[in-house]
Asks: 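Below is the structure I would like to discuss, written out as structure tokens.
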Amino acid sequence: MYKKIVIGIFCLVSHVAFAQIVAVGTVNLVRTSDAALFGADPDLMLVDGFTSAGACATYGSYGGLVTLGIRDGAAGNRQIAIATAAKALGKKVRVSVDPAYTRNDGTCFLRWIEFAE
């Protein structure tokens, strides 16, 4: 009985820990900002049509699109490169966020991005 309870709790925690939300659309905005002015991980992007992702913050002045935070560092630089290329080419991207990983302002961090076409 104890073993079944432990397995059940593990399954529940595993499911919650990987609650990603995936969306597809064109890149509306890629914004890079100075960390000295805006704090750590200030960069962000918006994807057209992505208006709801659990508790993730939305960007009101851009039609309520989900704000996708991009972390500083090599991985963030690669994400910005893909987002910028997709915007320039007018290509759709597929993005993933997890509402459990946010900045203090509720912006969800981008987990991954890929070309959808």
Side-chain angles (χ1 to χ4, degrees):
M1 177 67 174
Y2 175 74
K3 190 175 186 179
K4 288 181 181 180
I5 292 172
V6 170
I7 290 171
I9 290 172
F10 177 74
C11 289
L12 178 63
V13 170
S14 296
H15 177 71
V16 171
F18 297 104
Q20 69 176 337
I21 298 170
V22 177
V24 176
T26 56
V27 176
N28 180 295
L29 171 78
V30 178
R31 177 172 292 160
T32 63
S33 303
D34 186 347
L37 298 174
F38 296 99
D41 305 315
D43 303 331
L44 62 91
M45 69 175 286
L46 305 172
V47 173
D48 283 331
F50 194 15
T51 57
S52 178
C56 296
T58 57
Y59 209 116
S61 60
Y62 281 85
L65 297 175
V66 173
T67 307
L68 306 171
I70 300 173
R71 293 189 185 273
D72 292 334
N77 291 342
R78 291 189 303 269
Q79 291 173 336
I80 288 172
I82 292 173
T84 303
K87 176 132 178 90
L89 296 170
K91 298 288 186 180
K92 289 185 178 182
V93 293
R94 184 175 293 109
V95 295
S96 171
V97 296
D98 183 339
Y101 300 104
T102 64
R103 294 195 305 218
N104 291 338
D105 64 358
T107 297
C108 287
F109 285 111
L110 181 64
R111 292 181 58 136
W112 52 262
I113 180 172
E114 63 187 12
F115 284 97
E117 302 176 327

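Side-chain atoms are counted along with the backbone in the values below, which use heavy atoms only and exclude waters and symmetry mates. Owing to the predicted nature of the structure, the values given are computational and were not obtained by experimental measurement.
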Asks: Restricting to pairs with a member in residues 76-99, which pass ring pair (Phe, Tyr, Trp, His ring centres under 6.0 Å), not counting sequence neighbours?
Replies: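 Those involving residues 76-99 do not exist here.
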Asks: To the nearest 0.5 Å, tell me how far Leu46 CG sits from Lys87 NZ.
Replies: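 Nearest 0.5 Å value for the CG-NZ distance: 9.5 Å.
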Asks: What's the shortest heavy-atom distance between Ile70 and Gln79, and which atoms?
Replies: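 Scanning both residues, the minimum pair turns out to be CG2-OE1, 3.6 Å.
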Asks: Inspect the contact between Lys92 and Glu117 and indicate whether a charged nitrogen and a carboxylate oxygen are less than 4.0 angstrom apart.
Replies: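 Looking at Glu117 and Lys92, the cut-off is not met.
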Asks: Would Leu65 end up clustered with Val24 when hydrophobic side chains under 4.5 Å apart are linked, directly or stepwise?
Replies: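 No, it is not one cluster - the side chains of Leu65 and Val24 are not joined through contacts under 4.5 Å.
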Asks: Taking all heavy atoms of Thr51 and all of Gly63, pick out the closest pair and write down the distance.
Replies: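 So the two residues come closest at CG2-O, 4.5 Å.
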Asks: What are the two closest heavy atoms between Ala55 and Pro99, and how far apart are they?
Replies: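 Where Ala55 meets Pro99 most closely, the heavy atoms are N-CB, 4.2 Å.
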Asks: Please report the shortest heavy-atom distance between Arg103 and Gly69, naming the atom on each side.
Replies: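 Taking Arg103 first and Gly69 second, the nearest heavy atoms are NH1-CA, 4.3 Å.
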Asks: Atom CG of Leu29 and atom CE of Met45: how far apart are they, to the nearest 0.5 Å?
Replies: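 Between Leu29 CG and Met45 CE, I get 8.5 Å after rounding to 0.5 Å.
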Asks: Working to the nearest 0.5 angstrom, can you tell me the gap between Asp43 CG and Thr107 OG1?
Replies: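 The OG1 atom of Thr107 is 11.5 Å from CG of Asp43, to the nearest 0.5 Å.
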Asks: What is the minimum heavy-atom distance between Thr102 and Cys108, and which atoms define it?
Replies: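 That closest heavy-atom pairing would be CG2-SG, 3.6 Å.
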Asks: Looking only at heavy atoms, what is the nearest atom pair of Val30 and Ile80, with distance?
Replies: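 Reported closest heavy-atom pair: CG1-CG2, 4.2 Å.
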Asks: Can you list everything that forms a side-chain hydrogen bond (donor to acceptor under 3.5 Å, both in side chains) with Arg78? Sequence neighbours excluded, please.
Replies: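 Arg78 satisfies side-chain hydrogen bond (donor to acceptor under 3.5 Å, both in side chains) with no other residue.
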Asks: Under the salt bridge (charged side-chain N to carboxylate O under 4.0 Å, His left out) rule, what pairs show up with a residue in residues 45-74, not counting sequence neighbours?
Replies: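 Non-adjacent pairs meeting salt bridge (charged side-chain N to carboxylate O under 4.0 Å, His left out): Asp41-Arg71.
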Asks: Out of curiosity, Asn28 CG to Tyr59 OH, how far, rounded to the nearest 0.5 Å?
Replies: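 Between Asn28 CG and Tyr59 OH, I get 10.5 Å after rounding to 0.5 Å.
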Asks: Could you measure the distance from the SG atom of Cys56 to the CZ atom of Phe109? Nearest 0.5 Å is fine.
Replies: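 These two atoms lie 11.0 Å from each other.
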Asks: Membership question, hydrophobic clusters at under 4.5 Å side-chain separation (ILVMFWY): are Leu110 and Phe115 in the same one?
Replies: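 Phe115 clusters together with Leu110.
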Asks: With Leu68 as reference, evaluate Ile113, Val95, Leu44 under the side-chain contact (heavy atoms from CB on, under 4.5 Å) test and give the passing residue.
Replies: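 Running side-chain contact (heavy atoms from CB on, under 4.5 Å) over Ile113, Val95, Leu44 with Leu68 returns exactly one hit, Val95.
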Asks: Does Arg94 form a side-chain contact (heavy atoms from CB on, under 4.5 Å) with Val22? I'd like the steps, not just the answer.
Replies: CA-CA 7 Å; Arg94 184 175 293 109; Val22 177; 3.5 Å; yes
Asks: Checking Phe50 against Val97 for the side-chain contact (heavy atoms from CB on, under 4.5 Å) test, could you report, in this order, the C-alpha distance in whole Å, the side-chain angles of both residues, the deciding distance, and whether it holds?
Replies: CA-CA 11 Å; Phe50 194 15; Val97 296; 4.1 Å; yes
